[in-house]
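Structure, as structure tokens:
All values reported here derive from a predicted model rather than from experimental measurement. We count residues from 1, following the sequence as given.
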Amino acid sequence: MTSSTDAGHTAESEPVSRAEAERLAREQEVARERAQAARERRARSRAGEQTSGPRERTGKPLRRKSEGQWALGYREPLNANEQSKKDDHPLNVRTRIENIYAPGGFDSIDKADLRGRFRWWGLYTQREQGYDGTWTGDENIDILEAAYFMMRVRCDGGALNVEQVRTLGEISTEFARDTADLSDRENLQYHWIEIENVPEIWRRIEATGLQTTQACGDCPRVVLGSPLAGESLDEVIDGTWAVEEITRRYVGKKEYSNLPRKFKTAISGQQDVVHEINDVAFIGVEHPEHGPGFDLWVGGGLSTNPMLAKRVGAWVPLAEVPDVWEAVVSLFRDYGYRRLRTKARLKFLIKDWGIEKFRQVLEDEFLKRKLIDGPAPEAPVRPIDHVGVQKLRNGLNAVGFSPIAGRVSGTILTKVAEATERIGSDRIRFTPYQKLIVLDVADDKVEELIAELEPLGLQARPSKWRRNLLACSGIEFCKLSFVETRKRSQVLAPELDQRLADINAQLDVPVTININGCPNSCGRSQIADIGFKGQLVDDGDGNQVEGFQVHLGGTLGLDAAFGRKLRQHKVTSDELGDYIERVVRNFVKSRNDGERFAQWAVRADEADLR
């Protein structure tokens with residue numbers, strides 16, 4: 001789930017809902033009214049000029065509309081979200097949750113808190129059951145808003161121990177109807193949470209060192225880190241200290257938690273944290289003079305106006321990562337656009353400024369020093385998801401398991417904790433690809449662990465389709481979604497295994513499938529080999545049914561780019577399996593030796609992609 005789109009309607013994006021269409025209509029009406037008012041002012045001015053003589057033109061340029069940038073002196077809120085944050089800092093709502101709302105129940109919650117400030121503590125209301133995608137839209141919020149919550153537990157760096165995973169499992173079975181989903185931000189998400197139980201849930205997870213603080217909202221959210229940080233044979237440098245230090249210093253601090261929009265961070269000694277789509281990222285690189293450190297990237301983000309992060313061209317030593325992170329956040333806080341929510345992400349500021357100006361302002365106004373120039377890391381040719389068995393620096397093994405699209409449960413998490421403890425490990429990791437990894441597995445315990453978790457739906461040697469399928473929450477729980485996603489994925493993965501059984505052995509490269517329920521791209525539809533963006537489509541008989549716009553050939557790493565869209569190309573939900581099979585068979589038939597799907601999709605005949 002996410003709170004709103006990152007960008008508005010563009011020529012490249014389709015209307016996202018009836019509410020969006022109505023919003024555009026209102027904006028057009030306002031524009032017409034302003035134009036009419038301007039014409040009337042000019043008419044009055046001309047009438048005045050006829051009686052008082054001609055007036056000289058001053059040549060004064062038109063005044064540009066304020067973007068609400070604090071650093072330029074614009075502190076007055078320009079939209080309802082900014083006004084809400086000014087009225088009361090969102091972090092203050094925790095006291096009301098504990099002292100008023102939990103004792104008083106759902107009906108006691110103030111709407112401004114419910115639909116705004118709750119997010120800073122990881123809480124969104126979930127979708128009321130029984131309403132299909134035709135109901136999606138702000139005009140139906142009172143209908144769609146159930147009296148239950150999605151709760152997001154932030155797991156910075158994806159790093160957990162046995163006690164934490166066991167506690168997460170117990171909370172799920174006791175308070176969340178046994179729901180638990182691994183997100184593509186290394187978080188855990190519950191559903192069916194009741195406000196009466198939130199204080200007790202906080203007490204339990206915080207006793208283990210976890211938290212929901214700033215798991216959502218206009219603030220720095222979870223810090224992505226490598227699941228194998230400090231142990232991978234392939235990493236340049238261990239970023240664990242920086243992840244922990246940023247969380248310790250800055251999370252929960254009010255001076256960094258009122259940003260123009262959400263702010264996403266990734267830190268890793270290798271490229272396993274989708275750094276190109278984060279607001280700020282530090283990626284391991286070897287400097288020829290200074291040794292191992294981090295390459296700085298800024299301004300990535302998806303949603304309806306996707307942009308890939310840009311290299312700042314600066315090398316940052318480990319000890320300075322928290323300071324540089326603070327400077328980037330502070331720059332965004334002070335210079336970020338606060339007028340329109342649809343243009344409030346850091347990527348829009350960088351698009352307007354350019355990376356050279358961004359670096360100059362960062363150095364001159366916030367760091368008060370110059371950054372060191374540095375080299376770029378070499379791009380990987382395929383996603384690094386850490387599924388399977390691999391050796392660690394300590395001589396033990398990491399075993400990466402793949403649930404389908406991150407769906408697990410409290411029961412499963414509890415059994416994972418028990419199995420991990422039994423084989424002598426205390427380290428479990430969540431990943432940015434909705435996977436789960438157990439570290440420190442002895443050679444003679446690897447097969448035992450794999451066999452124990454297999455019946456739980458956790459496979460260390462998964463099929464290609466189970467491994468490479470990613471999905472967002474979808475209409476099952478999300479108020480913004482038009483279609484079913486994660487729930488559908490549980491059926492789609494085994495279906496593809498059967499449909500493509502005769503050619504799976506010929507696929508020597510991954511073909512990733514990302515399914516998103518709406519244009520917000522929590523499921524990263526634009527950067528998958530085959531990406532699906534949920535919307536209502538015409539079934540050919542004039543009926544609006546669940547369907548998807550298709551993105552083809554999106555990729556990160558080598559040749560990073562967004563997927564190709566074919567004009568008026570959509571598929572219904574019922575056609576999903578047929579379509580994927582058709583395109584994958586065309587790929588296998590016409591690809592060149594060693595060619596990746598993204599390369600083929602760029603050059604393929606349009607008929608082979610439909």
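- Using a 4.5 Å heavy-atom cutoff, the side chains of Val273 and Arg185 are not in contact.
- With respect to Arg115 and Asp110, no salt bridge is recorded, no charged nitrogen being found less than 4.0 Å from a carboxylate O.
- Contact annotation: the side chain of Val285 never approaches that of Phe294 to less than 4.5 Å [non-hydrogen atoms, C-beta and beyond].
- Judged by distance alone, the side chains of Arg94 and Asn99 never bring a donor and an acceptor atom under 3.5 Å apart.
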Checklist entry - Given the rule in the salt bridge (Lys or Arg N to Asp or Glu O under 4.0 Å) test, do Asp87 and Lys85 qualify, once you have shown the distances and angles that lead to the verdict? => result CA-CA 5 Å; Asp87 291 342; Lys85 289 184 286 184; over 6 Å; no
Item to check | Derivation and outcome, side-chain contact (heavy atoms from CB on, under 4.5 Å), residues Asp295 and Trp315 | outcome: CA-CA 5 Å; Asp295 190 40; Trp315 176 87; over 6 Å; no
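- Annotation: side chain of Thr485 is not in contact with side chain of Ser473 (no heavy-atom distance under 4.5 Å).
- Looking only at side-chain heavy atoms (C-beta outward), Asn278 and Leu224 come within less than 4.5 Å of each other.
- Side-chain atoms of Asn305 and Lys343 form no donor-acceptor pair, as typed in the model, at a separation below 3.5 Å.
- Put simply, the side chain of Arg152 gets close to the backbone of Ala215: a donor and an acceptor are under 3.5 Å apart.
- Residue Arg524 holds its CZ atom at 11.5 Å from SG of Cys472, rounded to the nearest 0.5 Å.
- The heavy-atom pair separating Ile195 from Ala102 by the smallest distance is O-CB, 3.6 Å.
- Between the Ser257 side chain and the Lys253 main chain, a donor and an acceptor come within less than 3.5 Å of each other.
- Between Arg338 and Asn258, the closest heavy-atom pair is NH2-O, 2.8 Å.
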Item to check | Audit row: Leu210, Arg154, side-chain contact (heavy atoms from CB on, under 4.5 Å) steps and yes/no | outcome: CA-CA 7 Å; Leu210 295 173; Arg154 61 181 295 158; over 6 Å; no
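- Atom OG of Ser66 and atom CZ of Arg339 lie 7.5 Å apart (nearest 0.5 Å).
- With Lys310 contributing its side chain and Gly300 its backbone, the two residues share no donor-acceptor pair below 3.5 Å.
- Applying the ring pair (Phe, Tyr, Trp, His ring centres under 6.0 Å) rule to Trp241 yields no partners; only residues at least two apart in sequence or on another chain are considered.
- Looking at every heavy atom in both residues, Gln271 comes nearest to Pro377 through NE2-CB, 3.6 Å.
- Side-chain polar atoms of Trp121 and Thr213 form no donor-acceptor pair below 3.5 angstrom.
- No hydrogens or angles considered: nothing links the side chains of Asn79 and Gln83 as a donor-acceptor pair under 3.5 Å.
- Residues Trp120 and Cys219 meet the side-chain proximity criterion, which asks for heavy atoms closer than 4.5 Å.
- Note that CG of Asp218 is 7.0 Å distant from CD of Glu82, once rounded to the nearest 0.5 Å.
- Contact check for Val298 versus Ile355: side-chain heavy atoms found under the 4.5 Å cut-off.
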Checklist entry - Taking it one step at a time, do Phe482 and Lys533 satisfy side-chain contact (heavy atoms from CB on, under 4.5 Å)? => result CA-CA 9 Å; Phe482 294 94; Lys533 181 179 78 175; over 6 Å; no
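- Under 4.0 Å is where a charged nitrogen must lie from a carboxylate oxygen, and between Asp373 and Arg359 at least one such pair does.
- No hydrogens or angles considered: a donor-acceptor pair under 3.5 Å links the side chains of Ser226 and Asp272.
- Residues Ala344 and Tyr337 share a closest heavy-atom pair of CB-O, 3.2 Å.
- Closest approach of Asp88 and Arg117 over heavy atoms only: O-NE, 3.2 Å.
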Next on the checklist: With side-chain contact (heavy atoms from CB on, under 4.5 Å) as the criterion, how do Asn520 and Leu302 come out once you've worked through the C-alpha distance, each side chain's angles and the decisive distance to 0.1 Å?
Outcome noted: CA-CA 7 Å; Asn520 290 302; Leu302 295 178; over 6 Å; no
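- With hydrogens and angles disregarded, no donor-acceptor distance shorter than 3.5 Å links the side chain of Ser481 to the backbone of Cys478.
- Here Asp279 does not pair with Arg333 in a salt bridge; the nearest charged N to carboxylate O distance is not below 4.0 Å.
- How far CD of Gln126 is from CG of Leu144: 12.0 Å, rounded to the nearest 0.5 Å.
- Although no hydrogens or angles enter the test, the distance criterion places no donor-acceptor pair under 3.5 Å between the side chain of Arg119 and the main chain of Cys216.
- Checking Thr136 against Arg127 by side-chain atom types alone, a donor-acceptor pair falls below 3.5 Å.
- Tyr74 and Glu67 share no donor-acceptor pair across their side chains, judged by distance under 3.5 Å alone.
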Checklist entry - ring pair (Phe, Tyr, Trp, His ring centres under 6.0 Å) between Trp325 and Tyr250: does it pass, once the steps are laid out? => result CA-CA 10 Å; Trp325 182 92; Tyr250 307 117; 5.1 Å; yes
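- For Lys368, the salt bridge (charged side-chain N to carboxylate O under 4.0 Å, His left out) criterion is met by no residue, not counting sequence neighbours.
- Leu114 CG to Tyr101 OH: the interatomic distance, rounded to the nearest 0.5 Å, is 8.5 Å.
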Next on the checklist: Please determine whether salt bridge (Lys or Arg N to Asp or Glu O under 4.0 Å) holds for the pair Lys86 and Glu76, giving the CA-CA distance in whole Å, both sets of side-chain angles, and the decisive distance to 0.1 Å.
Outcome noted: CA-CA 9 Å; Lys86 183 177 182 179; Glu76 191 62 28; 3.5 Å; yes
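- Under a 3.5 Å cut-off, the side chain of Glu186 and the backbone N or O of Gly225 do form a donor-acceptor pair.
- Between the side chains of Gln526 and Ser521, at least one donor N or O sits under 3.5 Å from an acceptor N or O.
- Side-chain polar atoms of Asp181 and Tyr190 form no donor-acceptor pair below 3.5 angstrom.
- Panel note: side chain Asp113, backbone Val93; no donor-acceptor pair is recorded below 3.5 Å.
- Leu182 approaches Gln434 most closely through the heavy-atom pair O-CG, 3.3 Å.
- Note that CZ of Phe263 is 12.0 Å distant from CD of Gln214, once rounded to the nearest 0.5 Å.
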Checklist entry - salt bridge (Lys or Arg N to Asp or Glu O under 4.0 Å) between Arg369 and Asp323: does it pass, once the steps are laid out? => result CA-CA 12 Å; Arg369 61 178 177 82; Asp323 295 333; 5.7 Å; no
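- Aromatic ring centres of Phe282 and Trp297: separated by at least 6.0 Å.
- Counting only N and O atoms by type, the side chains of Glu365 and Tyr335 include a donor and acceptor under 3.5 Å apart.
- For the residue pair Thr212 and Trp202, a side-chain donor N or O sits within less than 3.5 Å of a side-chain acceptor on the partner.
- Using a 4.5 Å cut-off on side-chain heavy atoms (C-beta onward), Lys351 and Met307 make contact.
- Residues Trp135 and Ile143 are in side-chain contact: their nearest non-hydrogen atoms beyond the backbone lie under 4.5 Å apart.
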